Q: 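Have a look at the structure that comes next, please.
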Amino acid sequence: MDRRSLLRATVAGAGGLALPFTAWPAAYAAPAQNATGPYGALRAADANGIQLPAGFTSQVVARSRQAVPGTSYVWHDAPDGGAVVPNGTGWIYVSNSEVSSSAGGGASRIVFNSSGQVTGASRILSGTNQNCAGGKTPWNTWLSCEEVSLGRVWETYPLGGTAVVRPAMGRFKHEAAAADPVRRVVYLTEDETNGKFYRFIPATWGDLSAGRLQVFRAGSATSGTFAWADVPDPDGSPTATRNQVSGAKSFNGGEGCHYANDTVWFTTKGDNRVWQVNLATGTYELAYDDSLVSSGTAPLTGVDNVTGTASGDLYVAEDGGTMDICLITPDDKISVFLRVTGQGSSEITGPAFTPAGNRLYFSSQRGTSGASSGGITYCVTGPFR
């Protein structure tokens, strides 16, 4: 039996049990299913090769190895994780460069005014390796994470300041980060086939120089309760952080991470899943699994970066697949929001919304060339709900 059939059979069998309590539907909600999206069908590809719903338009913001239009700054190779930081009069889009230190690894920024016009661009981090994803903090810094063995988290300052390494946040194959201002912690994903899910508790909120690294402990099921345990040696040497705590739950290739409303979502590319951790109830479950889509073709594969909107919608980017950004609504419906055509050797990275929620930035890491030098960063504008 293949994985899809096995999981469907397991869910069907479990659904037929006569349970002596009424909490089953709430505790084991079904993962997102195919549905028509809130914006309707995709139109034909536009001049940039992007299929969008009616009312939405795209533009190219920057291309790797070319000056950002309106500036003299040359945009970096392999644009990856990104975020938008408000700067009082407009906003800044920050983007990682997933290449080695010798090839220009680090992060850059593009500055926009209140009308969305570029007013500047510059480097904010240099000399680091394979900066993949990361996360924005409530104090408007950008955590740029290295996706290498014993990788580090660098706190960068898009509004001005010198980047600082944050070793207390652990050394492992970092992917994404998401700040939780309610519990005053930062969640972290790990891109290993047996990677773990972590949280960092700063000694002082707003200062990431010291604190405790903890790992997510749970059973082998796809839903249930969880707990946190301290990682004894965040340096990860000689024993990797993921191997230090008995009972730590493994996740197959941790990728994007997003926090909102007492919930943190993170993705695992190895099994095409979106996990939902309900922090108020201390439970976790699947928000999406391509093997559990009950009808039609699963729309989302190569599950990667994730972001969200004030409406509660999640936008999940594909690494490969059909180069889509898919939308998961709060009522567990999934649809394709946009598709990038003619770039089958690339991946979609760095989705991030402006504070007003009417612009979505993202990149195609390798563009039409399939090489790190071919990256393209876009902006989509439209009537986002």
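Model, not experiment: these values are computed from the prediction. Along the sequence shown, residues are numbered consecutively beginning with 1.
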Q: Please round to the nearest 0.5 Å and tell me the distance separating atom CG of L327 and atom NZ of K333.
A: 12.5 Å
Q: Apart from F200 itself, which Ile, Leu, Val, Met, Phe, Trp or Tyr residues share its cluster (side-chain heavy atoms under 4.5 Å, direct or through members)?
A: W139, L143, V153, M169, F172, V186, L188, Y198, W205, L208, L213, V215, V231, V245
Q: Suppose we screen for side chain to side chain donor-acceptor pair (under 3.5 Å). Which residues come up paired with N34, at least two apart in sequence or across chains?
A: none
Q: Could you tell me whether the side chain of S364 reaches within less than 4.5 Å of the side chain of E347, counting heavy atoms only?
A: no
Q: Is S97 reaching over with its side chain to a backbone N or O of D77, donor-acceptor style, under 3.5 angstrom?
A: yes
Q: Are I325 and V306 linked, directly or through other ILVMFWY residues, by side chains that come within less than 4.5 angstrom of each other?
A: no
Q: Tell me, do I328 and Q276 make a side-chain contact under 4.5 Å, heavy atoms counted?
A: no
Q: Can any side-chain N or O of E318 pair as donor or acceptor with the backbone N or O of T322 at less than 3.5 Å?
A: yes
Q: If you draw a 6.0 Å radius around CZ in R385, do more than 12 non-hydrogen atoms from other residues or ligands fall strictly inside?
A: yes
Q: Of the non-hydrogen atoms in Q130 and S100, which two are nearest, and what is the gap between them?
A: NE2-N, 3.4 Å
Q: Give the minimum heavy-atom separation between G302 and N272, together with the two atoms involved.
A: N-OD1, 2.7 Å
Q: Parallel, tilted or perpendicular for Y315 and F384, by the 30°/60° rule?
A: perpendicular
Q: For residues 370-379, which side-chain donor-acceptor pairs fall under 3.5 Å, sequence neighbours excluded?
A:
| unit_1 | atom_1 | unit_2 | atom_2 | d |
| --- | --- | --- | --- | --- |
| T377 | OG1 | W75 | NE1 | 3.0 |
| T377 | OG1 | S363 | OG | 2.7 |
| Y378 | OH | Q343 | NE2 | 3.0 |

Q: Find out whether T307 and F362 are in side-chain contact, i.e. whether some heavy atom of one side chain is under 4.5 Å from a heavy atom of the other.
A: no
Q: So how far is it from L159 CG to N87 CG, rounded to the nearest 0.5 Å?
A: 6.5 Å
Q: Starting from L125 and following side-chain heavy-atom contacts under 4.5 Å between hydrophobic residues (I, L, V, M, F, W, Y), which residues can be reached?
A: W154, V165
Q: With no hydrogens and no angle check, is any side-chain donor or acceptor of K249 less than 3.5 Å from a backbone partner on F216?
A: no
Q: Are side-chain N/O atoms of T141 and E155 paired as donor and acceptor at under 3.5 Å?
A: yes
Q: Do P330 and S311 have side chains that approach each other closer than 4.5 Å (heavy atoms only, starting at C-beta)?
A: no
Q: Checking the side chain of T267 only, and the main-chain atoms of G256 only, is there a donor and an acceptor separated by less than 3.5 Å?
A: yes
Q: Might you point out which heavy atoms bring T189 and A176 nearest each other, and give the distance in Å?
A: OG1-N, 2.9 Å
Q: Can you hop from I124 to V74 via hydrophobic side chains spaced under 4.5 Å?
A: no
Q: Which atom names give the shortest non-hydrogen contact between A133 and D80, and what distance separates them?
A: N-OD1, 4.1 Å
Q: Anything under 30° is parallel, anything over 60° is perpendicular, the rest tilted; go ahead and classify F251 against F266.
A: perpendicular
Q: Taking S346 for its side chain and R366 for its backbone only, find out whether a donor-acceptor pair lies under 3.5 Å.
A: yes
Q: If hydrophobic clusters are built from ILVMFWY residues whose side chains come within less than 4.5 Å, do V380 and I348 share one?
A: yes
Q: Donor-acceptor pairs under 3.5 Å, side chain of residues 48-57 to any protein atom, not counting sequence neighbours: which ones?
A:
| unit_1 | atom_1 | unit_2 | atom_2 | d |
| --- | --- | --- | --- | --- |
| N48 | ND2 | S58 | O | 3.3 |
| N48 | ND2 | S58 | OG | 3.0 |
| Q51 | NE2 | R43 | O | 3.1 |

Q: Indicate whether any N or O donor in one side chain lies under 3.5 Å from an N or O acceptor in the other, for R123 and Y73.
A: yes
Q: Using the test salt bridge (charged side-chain N to carboxylate O under 4.0 Å, His left out), find all partners of E255 that sit at least two apart in sequence or belong to another chain.
A: K269
Q: The criterion is side chain to side chain donor-acceptor pair (under 3.5 Å); which residues satisfy it with R109, sequence neighbours excluded?
A: S122
Q: Kindly give the cluster partners of L42, where membership spreads through any ILVMFWY side chain lying under 4.5 Å from a current member.
A: V336
Q: Exactly one of T222, T268, D289 should register a side-chain hydrogen bond (donor to acceptor under 3.5 Å, both in side chains) with R273. Which one does?
A: D289
Q: Taking a hydrophobic cluster as the set of Ile, Leu, Val, Met, Phe, Trp and Tyr residues connected by side-chain heavy atoms closer than 4.5 Å, whether directly or through intermediates, do F353 and V61 fall within one such cluster?
A: no
Q: Tell me whether V277 shares a hydrophobic cluster with I201, the cluster being built from Ile, Leu, Val, Met, Phe, Trp, Tyr side chains joined at under 4.5 Å.
A: yes
Q: The criterion is salt bridge (charged side-chain N to carboxylate O under 4.0 Å, His left out); which residues satisfy it with R152, sequence neighbours excluded?
A: E146
Q: As an exercise, state the distance from CD1 of I110 to OG1 of T71, rounded to the nearest 0.5 Å.
A: 7.5 Å
Q: Quick one: pull up CD in Q365 and OG in S95 and give me the separation to the nearest 0.5 Å.
A: 9.0 Å
Q: Holding to salt bridge (charged side-chain N to carboxylate O under 4.0 Å, His left out), I want the full list of residues that pass it with R339, two or more places apart in sequence or in another chain.
A: D324
Q: Tell me, please, which residues at least two apart from D262 pass salt bridge (charged side-chain N to carboxylate O under 4.0 Å, His left out).
A: R183
Q: Working to the nearest 0.5 angstrom, can you tell me the gap between D313 CG and F337 CZ?
A: 10.0 Å
Q: Taking only residues two or more places apart in sequence, or in another chain, which ones meet N131 in a side chain to side chain donor-acceptor pair (under 3.5 Å)?
A: T128, S144
Q: Is the Y93-F112 ring centre distance short of 6.0 angstrom?
A: no
Q: Please name the pair of heavy atoms, one in A298 and one in V293, separated by the smallest distance, quoted to 0.1 Å.
A: CB-CG2, 4.0 Å
Q: Using only atom types and a distance under 3.5 Å, with no angle test, would you say the side chain of N278 pairs donor to acceptor with the backbone of A280?
A: no
Q: Report yes or no: does E175 contribute a side-chain atom to a donor-acceptor pair with the main-chain N or O of N305 at less than 3.5 Å?
A: no
Q: Mind running side chain to side chain donor-acceptor pair (under 3.5 Å) on D235 and S237 for me, showing each step along the way?
A: CA-CA 6 Å; D235 286 342; S237 179; over 6 Å; no
Q: Checking Y361 side chain against V94 main chain: does a donor-acceptor pair fall under 3.5 Å?
A: no
Q: Is a donor on one side and an acceptor on the other found under 3.5 Å between the side chain of E190 and the backbone of K196?
A: yes
Q: Taking all non-hydrogen atoms of both residues, which atom of N96 and which atom of G134 are closest, and how far apart?
A: ND2-N, 4.4 Å
Q: Sub-3.5 Å donor-acceptor pair from the side chain of Q244 to the main-chain atoms of D233, do we have one?
A: yes
Q: Does the side chain of V84 come within less than 4.5 Å of P355's, by heavy atoms?
A: yes
